[in-house]
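Report on one structure; see the data block that follows.
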Amino acid sequence: MATKELQAVRGMNDIFPSASAGWQTLEADLRDLLSLYDYGEIRLPLLESTELFARAIGDVTDIVQKEMYTFADRNGDSLTLRPEGTAGCVRAAIQHQTMRGQTPRYYYIGPMFRHERPQKGRYRQFHQLGVEVFGQAGAGADAEVIALSARILKRSGVAAALQINSLGSPAARAAYRERLLSYLRPREAALCADCQTRMERNPLRVLDCKVPGCQEIAAAAPHLVDHLDAESAAHFASLQDLLTALDIPYVVNHSLVRGLDYYNRTVFEWVTDALGAQGTVLAGGRYDGLISQLGGQQTPAIGFAVGLERLLALQEIQGKLATASKPILFVGALDDSSLVSAWQLAEHLRDHAISVVSGGPASFKSLMKQAERSQAQFQVVIGAGQLQDEPVIIKEQHGEGRWEGSLDAVTSGLQSLGVDFPQHAPHTEHNFATTRRLK
RNA sequence: GUGGCUGUAGCUCAGUCGGUAGAGUCCCGGAUUGUGAUUCCGGUUGUCGCGGGUUCGAGCCCCGUCAGCCACCCCA
């Protein structure tokens, strides 16, 4: 059982091979889809200066105020483990001037860190895939990004519903904020304690409070989309037309307000009720002001992030989780002298890209159990007899396949049983064949 | 950061009124040197999360703490 000293940090998980197969398959699928849309991977530091996140995410957000892993570097600089990926991605694009006359599409995949109380679908180290598109102001970019998000969920086999909203321009949002406050103030006493503080910090968040009394008040509140500036309204209408034309169902959620300060105009979320309280699996929006706010030239931008733990949890619930591949052959040795031949055989087959798991020296019964546990498609046992002239038997573990022959001929034996060998052995060519495994 | 529930063998769990640690499973060996079943026999499981307190005596009661789960909050 767990000893006290040696434990993973709270909210940070170990991922063992039985689970990492699902991760690897998901990540491979995601990378494949990203290349379909011509996104390029950007690999970013996990650590950035604390100031970057404070300026990008917003001083008053919970993330910056109480959820960041922040500490002093040896020279006294304040560093922070990234709580999200957009800020670092924007910083990198500004620093390396990759947006001059270009409209790059980036994606990143990796761990993020937030010091929250862990619960279902929420961890202190969690993993996101994020995408960011720079330099495209039109609603076409929004539609394409949302189409990509839809395809990611579809490819993952995950059922979720798309909600969209528009926050308008900063000016329109500020004007709406005042309008909303003048609606809320007379009703302040009826709001929950949280919402009364939210009125100070970010009154838009009152709109998606879960307390029934607050929801009643929110339902009758003026709608943000009715008070957009003309350009944002046209942008939002255009986006909806495009989504309809692309057969992407959505609903407009008037209370959809993203938690990070940098968003404007389009915001969207894919939500599910299958994950308890953490229903958002993928979320994003437009942030036209962030790049200039961080010192770059005024550049429109849009992006989203998807939580990989949540995606995997949904895949598991819906029976779509990928399982580990299995080796082609188990090779077992009964004693020390036959182990030499068994290991030579295994290495020979690996030269030909056939995955082999080895066992022994051990009793025959033990080898049988090891072979079963290995889940290999075929098994072969080598003992003293095979070193003389007794036949080697290759047996299909869950089938009728069976072959007998000499130790030297195992390769052709496997071929006769249907194992797919590469055309050329990798050690005779200069490119390596892809490893043969089952499933 | 707040609240509720839960921590006993690798895994799933039982443990009565406070009386000195159990079952199943798994694993190993044998019955059975040559193709996996079943059955039978034998064998190893442990800081009862950790620390303190009460008691003649604590897995059990009390306090603290750590961790997990769930919810609030927040968010992916």
Side-chain angles (χ1 to χ4, degrees), chain A residues 1-13 57 60-68 83-86 109-131 149 152-153 160 192-195 197-198 201-202 205 208-211 257-260 268-272 275-285 303-314 330 332 334-335 338 361-374 376 378-386 390-398 402-404:
Chain A
M1 202 52 197
T3 56
K4 185 173 180 188
E5 285 84 12
L6 296 176
Q7 286 189 84
V9 174
R10 183 173 204 192
M12 305 201 180
N13 297 311
I57 299 171
V60 299
T61 60
D62 279 14
I63 292 177
V64 169
Q65 284 203 330
K66 50 192 187 190
E67 294 177 2
M68 296 204 301
E84 56 99 53
T86 299
I109 188 163
M112 307 293 166
F113 303 86
R114 292 182 199 170
H115 193 103
E116 301 178 271
R117 189 92 170 240
Q119 67 180 80
K120 189 183 189 71
R122 190 172 82 180
Y123 309 99
R124 289 185 172 179
Q125 176 177 331
F126 61 104
H127 297 76
Q128 285 185 339
L129 164 74
V131 313
S149 72
I152 283 174
L153 295 172
C192 70
D194 283 330
C195 280
T197 33
R198 281 196 270 249
R201 295 243 171 89
N202 189 352
R205 299 216 63 91
D208 62 356
C209 181
K210 289 174 185 172
V211 176
V257 179
R258 309 279 16 271
L260 286 63
F268 64 99
E269 286 188 8
W270 288 87
V271 298
T272 170
L275 293 180
Q278 313 301 323
T280 302
V281 58
L282 184 154
F304 66 73
V306 53
L308 299 189
E309 281 86 356
R310 292 183 186 177
L311 210 46
L312 287 163
L314 286 172
F330 173 87
L334 283 168
D335 53 44
S338 51
S363 72
F364 187 75
K365 180 174 183 173
S366 175
L367 288 180
M368 285 301 102
K369 290 192 170 183
Q370 289 179 43
E372 173 67 24
R373 214 181 309 143
S374 78
F378 300 99
Q379 49 119 313
V380 59
V381 172
I382 313 262
Q386 280 68 43
E390 289 179 34
V392 172
I393 302 169
I394 303 173
K395 197 179 165 193
E396 192 172 10
Q397 295 218 89
H398 294 283
R402 186 184 170 91
W403 173 93
E404 289 189 25

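As a basis for the values below, the full set of heavy atoms in this structure was taken, side chains included, without hydrogen atoms, waters or symmetry mates.
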A:Q119 side-chain N/O to B:A71 phosphate OP1/OP2 under 4.0 Å: yes
Checking all strands, does A:Q370 fall into the base, sugar-phosphate, or nothing category for heavy-atom contacts under 4.0 angstrom? nothing
Side chain of A:R117: nearest nucleotide among B:C72, B:A76, B:C66? B:C72
Take atom CD of A:E390 and atom P of B:G34, then tell me their distance rounded to the nearest Å. 10 Å
Over all strands shown, is A:E269 touching base, sugar-phosphate only, or nothing at heavy-atom distances under 4.0 angstrom? nothing
Need one value for A:K395: base, sugar-phosphate or nothing, where a base atom within 4.0 Å counts as base even if backbone is also close, heavy atoms only. base
For A:A277, which contact category applies under a 4.0 Å heavy-atom criterion: base, sugar-phosphate, or nothing? base
Pairing nucleotide - B:A71, Watson-Crick or G-U, each distance under 3.5 Å: B:U2
With heavy atoms under 4.0 Å as the rule, sort A:L334 into base, sugar-phosphate or nothing. base
Between B:C26 and B:C17, how many Å separate the two C1' atoms, rounded to a whole number? 35 Å
Between A:L308 and A:P118, which has a closest nucleotide on RNA chain B that is more 5'? A:P118
For B:C27, the Watson-Crick or wobble partner whose two distances fall under 3.5 Å: B:G43
Do A:F126 and A:R114 come within less than 4.5 Å of each other through their side chains, counting heavy atoms only? yes
Hey, does A:E67 reach any base, or is it just sugar-phosphate, or nothing, if we go heavy atoms under 4.0 Å? sugar-phosphate
Mind calculating the distance between CD (A:E116) and P (B:C70) to the nearest angstrom? 14 Å
Quick one: which of B:A67, B:G34, B:C73 gets closest to the side chain of A:F364? B:G34
Please report, rounded to the nearest Å, how far the P atom of B:C75 is from the CG atom of A:L275. 17 Å
Base, sugar-phosphate, or nothing for A:E404, non-hydrogen atoms under 4.0 angstrom? nothing
Rounded C1' spacing from B:C40 to B:G10 in Å: 26 Å
For B:G19, give the paired nucleotide (Watson-Crick: N1-N3 plus N6-O4 or O6-N4; G-U: N1-O2 and O6-N3; both under 3.5 Å), or none. B:C56
Name the nucleic acid region contacted by A:G11, choosing base, sugar-phosphate or nothing; use a 4.0 angstrom heavy-atom cut-off, strictly under. sugar-phosphate
What does B:G64 pair with, Watson-Crick or G-U, if both distances are under 3.5 Å? B:C50
Any A:R124 side-chain heavy atom under 4.5 Å of A:R122 side chain: no
Is there a side-chain polar atom (N or O) of A:R205 under 4.0 Å from OP1 or OP2 of B:C73? no
Quick one: label A:S363 by what it contacts on the DNA or RNA (base, sugar-phosphate, nothing), any heavy atom closer than 4.0 Å. sugar-phosphate
If we ignore angles and hydrogens, is there a donor and acceptor under 3.5 Å between the side chains of A:S366 and A:Q370? yes
Is there a side-chain contact between A:Q65 and A:R201 (heavy atoms, below 4.5 Å)? yes
Could A:E269 and A:R258 be called an ion pair, given the rule that one side-chain N must be under 4.0 Å from one carboxylate O? yes
Proximity to the side chain of A:R114 - top-ranked nucleotide from B:A76, B:C74, B:U35: B:A76
May I ask you to say what A:Y123 touches in the nucleic acid, namely base, sugar-phosphate or nothing, with a heavy-atom cut-off under 4.0 Å? base
Reckon A:G276 touches a base, only the sugar-phosphate, or nothing at all at heavy-atom distances under 4.0 Å? sugar-phosphate
The Watson-Crick or G-U wobble partner of B:A14, with both key distances under 3.5 Å, is none
Would you measure the distance from the P atom in B:A76 across to the matching atom in B:C5 and give it in whole Å? 31 Å
Give me the distance, rounded to whole Å, that separates B:C62 from B:G19 when you measure between the P atoms they each carry. 15 Å
When the distance from CE of A:M68 to P of B:C74 is rounded to whole Å, what number comes out? 18 Å
Are A:R10 and A:P118 close enough that some pair of their side-chain heavy atoms sits under 4.5 Å apart? yes
Does any part of the side chain of A:P83, heavy atoms only, come nearer than 4.5 Å to the side chain of A:M112, both counted from C-beta? no
Separation of the C1' atoms in B:G3 and B:U44, to the nearest angstrom: 43 Å
Side-chain touch A:L260/A:T86, heavy atoms, less than 4.5 angstrom: no
Between B:C28, B:U35, B:C73, spot the one nearest the side chain of A:Q278, thanks. B:C73
Within a strict 4.5 Å, meaning less than it, do heavy atoms of the A:V381 and A:M368 side chains meet? yes
What do you reckon, do A:F126 and the base of B:A76 stack, with centroid distance below 5.5 Å and planes below 30°? yes
Say you pick atom P in B:A67 and the same atom in B:C74; how far apart are they, in whole Å? 24 Å
Shortest side-chain distance from A:D194, nucleotide among B:C73, B:C69, B:C74: B:C73
Given the structure, check if the side chain of A:Q7 and the base of B:G49 hold any donor-acceptor pair shorter than 3.5 Å. no
B:C73 OP1/OP2 closer than 4.0 Å to side-chain N/O of A:K210: yes
Hey, are the side chains of A:E84 and A:I63 touching, using non-hydrogen atoms and a 4.5 Å cut-off? no
Figure out the CZ/P separation between A:R373 and B:G10, and round it to whole Å. 17 Å
Checking contacts here: which listed nucleotide (B:C75, B:G30, B:C69) is nearest the side-chain heavy atoms of A:K365? B:G30
I'd like the P distance from B:G49 over to B:C13, given in whole Å. 15 Å
Residue pair A:V281/A:K66 against RNA chain B: nearer the 5' end by closest nucleotide is A:K66
A:R122 CZ to B:U2 P: how many Å, rounded? 13 Å
Across the strands shown, which category fits A:A371 at heavy-atom distances under 4.0 angstrom: base, sugar-phosphate, nothing? nothing
Base, sugar-phosphate, or nothing for A:L282, non-hydrogen atoms under 4.0 angstrom? sugar-phosphate
Could you give the CZ-to-C1' distance, from A:R124 to B:A67, as a whole number of Å? 11 Å
Expressed in whole Å, how much space separates the C1' atoms belonging to B:A9 and B:A21? 10 Å
Taking B:C73, B:U35, B:C70 as options, the one with an atom nearest any side-chain atom of A:K120 is B:C70
Checking N1-N3 plus N6-O4 or O6-N4 for Watson-Crick, or N1-O2 and O6-N3 for wobble, each under 3.5 Å, the partner of B:U38 is none
What is the distance, rounded to the nearest whole Å, between atom CZ of A:F268 and atom C1' of B:A76? 12 Å
